[in-house]
Amino acid sequence: MKRRIRVVAALIRKDNKIFAAKRAYGFLKGKWELPGGKIEKGETPEEAIVREIKEELSTEIKVNKFLTNIVYEYPEFILDMDVFDCSILNGRLALDSHVHLEEAFLGINDFKPDERCPADKNVISSLFKLYII
């Protein structure tokens with residue numbers, strides 16, 4: 001049986017674009033993803049996304065609302081991801097080079113499907129339709 005990994009991701013919007021970061025390691029290296037990370041023991045998903053964005057991007061955020069949950073089966077594990085609409089309180093989304101190679105606010109046409117993490121492929125298109133376009 002595959003292990004299930006609980007993670008969180010932030011939808012941060014600006015001028016009809018979504019903030020994304022390109023992974024710097026692992027089998028998804030070079031793929032765009034919504035920023036976030038694993039939920040630690042004893043954390044709520046909301047606490048986890050605030051902590052992850054602060055650790056990885058040196059930015060304080062506010063969680064506005066829960067948007068969706070995505071379950072995606074990778075070859076070695078099952079990803080269970082909560083996505084939250086978030087706003088920047090303080091900071092500029094500065095990259096941690098050990099986690100991400102690149103950052104950008106991207107429009108729907110900037111997200112080429114083969115450049116996205118597989119778990120994010122459908123959610124990004126859906127989020128643009130529901131919350132941006």
Side-chain angles (χ1 to χ4, degrees):
M1 187 167 147
K2 293 182 184 179
R3 66 186 164 107
R4 182 177 286 265
I5 300 175
R6 291 272 298 132
V7 300
V8 288
L11 176 74
I12 301 170
R13 298 176 279 159
K14 177 181 166 185
D15 301 327
N16 293 326
K17 295 184 177 189
I18 291 176
F19 181 82
K22 195 177 277 189
R23 290 184 64 93
Y25 64 93
F27 72 100
L28 296 172
K29 182 177 180 177
K31 301 282 187 186
W32 288 100
E33 67 178 355
L34 296 175
K38 292 180 185 173
I39 299 171
E40 293 182 356
K41 188 174 182 176
E43 276 185 322
T44 66
E46 293 85 354
E47 291 168 339
I49 194 60
V50 169
R51 176 189 50 76
E52 283 287 342
I53 299 301
K54 188 168 187 166
E55 286 177 2
E56 292 183 5
L57 298 167
S58 301
T59 301
E60 292 180 54
I61 60 167
K62 173 183 146 192
V63 175
N64 298 318
K65 65 181 175 179
F66 171 82
L67 295 177
T68 191
N69 174 268
I70 305 300
V71 176
Y72 186 86
E73 190 169 341
Y74 284 102
E76 296 180 8
F77 63 91
I78 297 169
L79 185 77
D80 184 348
M81 177 171 65
D82 287 345
V83 182
F84 294 92
D85 176 68
C86 300
S87 301
I88 297 171
L89 294 176
N90 185 25
R92 68 156 222 81
L93 299 170
L95 280 177
D96 178 337
S97 61
H98 300 290
V99 178
H100 297 109
L101 297 170
E102 193 176 337
E103 66 180 35
F105 277 94
L106 301 173
I108 187 64
N109 296 323
D110 300 325
F111 276 107
K112 297 183 181 34
D114 62 336
E115 294 177 352
R116 300 179 204 163
C117 287
D120 289 8
K121 281 183 182 182
N122 294 333
V123 73
I124 288 171
S125 297
S126 298
L127 292 172
F128 266 102
K129 289 176 188 164
L130 291 171
Y131 302 103
I132 301 203
I133 297 174

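Just so you know, residue 1 is the first one in the sequence shown, and it goes up from there.
Residues meeting the salt bridge (charged side-chain N to carboxylate O under 4.0 Å, His left out) test with K14, sequence neighbours left out: none. Qualifying salt bridge (charged side-chain N to carboxylate O under 4.0 Å, His left out) partners for R51, counting only residues two or more places apart in sequence or in other chains: E40, E43, E55. Under the salt bridge (charged side-chain N to carboxylate O under 4.0 Å, His left out) criterion, E60 pairs with no residue at all, not counting sequence neighbours. Checked against side chain to side chain contact (heavy atoms under 4.5 Å, CB included), I12 has the following partners two or more places apart in sequence or in another chain: A10, F19, I61, C86, I88, L93, F105.
Through direct or relayed side-chain contacts under 4.5 Å between Ile, Leu, Val, Met, Phe, Trp and Tyr, I78 connects to V71.
Put simply, CE on M81 and OG1 on T68 are 8.5 Å apart, with the number rounded to the nearest 0.5 Å. For the atom pair L79 CG and K2 NZ, the distance stands at 12.0 Å (nearest 0.5 Å). Distance check: T44 OG1 to I49 CD1 gives 11.0 Å after rounding to the nearest 0.5 Å. Here the CZ atom belonging to R3 is positioned 8.0 Å from the CD atom belonging to E76, to the nearest 0.5 angstrom. Atoms NZ and CG, on K62 and L89 in that order, are 7.0 Å from each other to the nearest 0.5 Å. If you take CZ on R6 and NZ on K38, they are separated by 13.5 Å, rounding to the nearest 0.5 Å.
Residue pairs meeting the ring-ring contact (aromatic ring centres under 6.0 Å, His included) criterion with at least one partner in residues 26-54, sequence neighbours excluded, are F27-Y74.
In terms of heavy-atom proximity, A20 sits nearest to L106 at CB-CD1, 4.2 Å. Looking at every heavy atom in both residues, L34 comes nearest to I18 through CD2-CG2, 3.5 Å. Nearest heavy-atom pair across G36 and I53 is N-CD1, 4.2 Å. Taking all atoms of both residues into account, the shortest heavy-atom contact from V8 to P45 is CG1-O, 3.5 Å. Heavy-atom minimum distance, A119 versus I70: O-CG2, 3.7 Å. The heavy-atom pair separating F84 from D82 by the smallest distance is CE1-CB, 3.7 Å.
Looking only at side-chain heavy atoms (C-beta outward), D85 and R13 come within less than 4.5 Å of each other.
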